[in-house]
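Single-structure report; data block below.
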There are 2 protein chains.
Amino acid sequence: MQVIQAYQCFCDETRLRILNLLLEGPLCVCHLTAILGVPQPKVSRHLKALRDGGALETERCYNWTICRLPATPSPLLEANLKCLQDLRAEERVFKADLKTRKRTVARILKDPGDALPAQIRSLAKDCC
Amino acid sequence: MQVIQAYQCFCDETRLRILNLLLEGPLCVCHLTAILGVPQPKVSRHLKALRDGGALETERCYNWTICRLPATPSPLLEANLKCLQDLRAEERVFKADLKTRKRTVARILKDPGDALPAQIRSLAKDCC
DNA sequence: AACGAATATGCCGTCAAGCGAATATTCTGA
DNA sequence: TCAGAATATTCGCTTGACGGCATATTCGTT
């Protein structure tokens, strides 16, 4: 059953943290990795699981991969993203991640430096 | 995270089938087992998983265990039970189970026989 | 007390999920 | 074409989920 695969997306803390972060807007893999503070291969594998479960869309821009929630989420996904919103009040990890996200994004916007190749600087507003 | 345990409930076909059946009303374990057509220990263990995940309440009546959905379900559970309702249109297993449920319940009500000990016959309307 | 029905649990084997470490791949810039 | 950054994948391992089978437990009946 395909539903089961969809629910699998919500059965892992890292994946929930990723979804929580993406509720605020798109992020590229390297920023996700930085915010979560976990090894990059781990993030990459969880992203694949989310994609397979229909909970994530990715778009390749040069050598960046922009991650966002599906433009037209399934009813199931939509309902559970709403639940995830409400969970922020209870789970400190989620709130902490949002803080880290803000710090990270602010730092990148202020000083793109080598963190943001020139060609995709215009993407910053989109993915940060 | 407790949420993860809650989502685990939805990550198994047997558990989804059980929830689908209970959406129609309470059932005791032996009838659940009969309707699902799977070994009784398997049902029992899945029921425990559902209980641990907050998706099931059980009540012991003599040597029967009546299973029902929580009287006051969590928002998460409520949202996903609604999703489950909608899934009936797509997944044949769910529809087939509901048919079997009707047949089974009708048979029991018509001829309780040894399937329904005298003392709990009055419970039949409740759990069937 | 003994038996049977309903239910739960223990044991064990199998298999998938998840992880870390290393490596492959893809793309960009020099 | 070469180097380096970003991302994906492979490998080997550990752990947990699930199932089947047998057995324990609980409760009612005789």
Side-chain angles (χ1 to χ4, degrees), chain A residues 1 4-5 7-18 26-53 56 58-67 108 112-124 127-128, chain B residues 1 4-5 7-18 26-53 56 58-67 108 112-124 127-128:
Chain A
M1 282 202 273
I4 295 178
Q5 201 178 17
Y7 276 119
Q8 296 276 18
C9 293
F10 299 98
C11 288
D12 180 275
E13 172 163 339
T14 304
R15 289 198 284 271
L16 287 179
R17 290 174 67 194
I18 291 173
L27 279 173
C28 80
V29 179
C30 61
H31 296 154
L32 264 176
T33 303
I35 297 172
L36 294 171
V38 300
Q40 175 268 324
K42 180 171 171 174
V43 175
S44 185
R45 262 173 290 136
H46 282 301
L47 290 176
K48 175 170 170 47
L50 288 171
R51 223 179 303 123
D52 293 346
L56 183 77
T58 56
E59 178 194 359
R60 189 88 187 204
C61 287
Y62 302 88
N63 56 349
W64 283 26
T65 298
I66 312 289
C67 302
I108 293 170
D114 50 355
L116 202 61
Q119 308 93 321
I120 45 177
R121 205 160 296 187
S122 66
L123 269 170
C127 78
C128 292
Chain B
M1 283 202 274
I4 295 177
Q5 202 178 15
Y7 276 119
Q8 295 276 18
C9 294
F10 299 98
C11 288
D12 180 274
E13 171 164 338
T14 303
R15 290 199 284 272
L16 287 179
R17 291 175 66 195
I18 291 173
L27 280 172
C28 80
V29 179
C30 61
H31 297 154
L32 264 176
T33 303
I35 297 172
L36 294 171
V38 300
Q40 175 268 324
K42 180 172 172 175
V43 174
S44 185
R45 259 175 288 131
H46 281 301
L47 290 175
K48 177 170 169 46
L50 288 170
R51 223 180 301 124
D52 292 346
L56 182 78
T58 55
E59 178 193 358
R60 189 86 188 207
C61 288
Y62 302 88
N63 55 350
W64 283 26
T65 297
I66 313 288
C67 303
I108 293 169
D114 51 354
L116 203 60
Q119 309 91 323
I120 45 177
R121 206 159 297 185
S122 67
L123 270 170
C127 78
C128 294

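Only a predicted model underlies this, so the values are computations on that prediction, with no experimental measurement involved. Sequence lines set the chain letters: A, B, ... in the order given, protein chains first and strands last, and positions in each chain run from 1.
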Quick one: [X] [atom1] to [N] [atom2], roughly how many Å, whole number?
{"X": "B/Trp64", "N": "C/dA8", "atom1": "CH2", "atom2": "P", "value": "14 Å"}
{"X": "A/Glu13", "N": "C/dA17", "atom1": "CD", "atom2": "C1'", "value": "16 Å"}
{"X": "A/Ile66", "N": "C/dC27", "atom1": "CD1", "atom2": "C1'", "value": "14 Å"}
{"X": "B/Phe10", "N": "D/dA17", "atom1": "CZ", "atom2": "C1'", "value": "18 Å"}
{"X": "B/Leu50", "N": "C/dA8", "atom1": "CG", "atom2": "P", "value": "12 Å"}
{"X": "B/Asp52", "N": "D/dA17", "atom1": "CG", "atom2": "P", "value": "11 Å"}
{"X": "B/Tyr7", "N": "D/dG16", "atom1": "OH", "atom2": "P", "value": "23 Å"}
{"X": "B/Asn63", "N": "C/dT7", "atom1": "CG", "atom2": "P", "value": "7 Å"}

With heavy-atom distances below 4.5 Å as the criterion, would you say the side chains of [X] and [Y] are in contact?
{"X": "A/Val29", "Y": "A/Leu47", "answer": "yes"}
{"X": "B/Phe10", "Y": "B/Leu16", "answer": "yes"}
{"X": "A/Asp12", "Y": "B/Ile4", "answer": "no"}
{"X": "B/Trp64", "Y": "B/Glu59", "answer": "no"}
{"X": "B/Asp52", "Y": "B/Leu50", "answer": "no"}

May I ask you to verify if any side-chain N or O of B/Arg51 is less than 4.0 angstrom from the OP1 or OP2 atom of C/dA8?
-> yes

Shortest non-hydrogen separation from B/Gln8 to A/Cys11 and the atoms involved | N-SG, 3.6 Å

Where the side chain of A/Arg15 is defined as all heavy atoms beyond and including C-beta, which of D/dA8, C/dT7, C/dG18 is the nearest nucleotide?
-> C/dG18

Which nucleotide in the list D/dA8, C/dA6, C/dA8 gets nearest to the side chain of A/Arg60?
-> D/dA8

Touch class at under 4.0 angstrom, heavy-atom based, for A/Ser44 against every strand present = base

Considering heavy-atom distances to DNA chain D, does B/Gln40 or A/Leu47 have its closest nucleotide positioned more toward the 5' end?
-> A/Leu47

Partner of A/Cys67 by side chain to side chain contact (heavy atoms under 4.5 Å, CB included), out of A/Leu27, A/Ile18, A/Leu32 = A/Leu32

What does the list of N/O pairs under 3.5 Å between the protein and nucleotides 19-21 of chain C look like, with a distance for each?
{"from": "C/dC19", "atom 1": "OP1", "to": "A/Lys42", "atom 2": "NZ", "distance (Å)": "2.9"}
{"from": "C/dC19", "atom 1": "OP2", "to": "A/His46", "atom 2": "NE2", "distance (Å)": "2.6"}
{"from": "C/dG20", "atom 1": "N7", "to": "A/Arg45", "atom 2": "NH2", "distance (Å)": "3.2"}

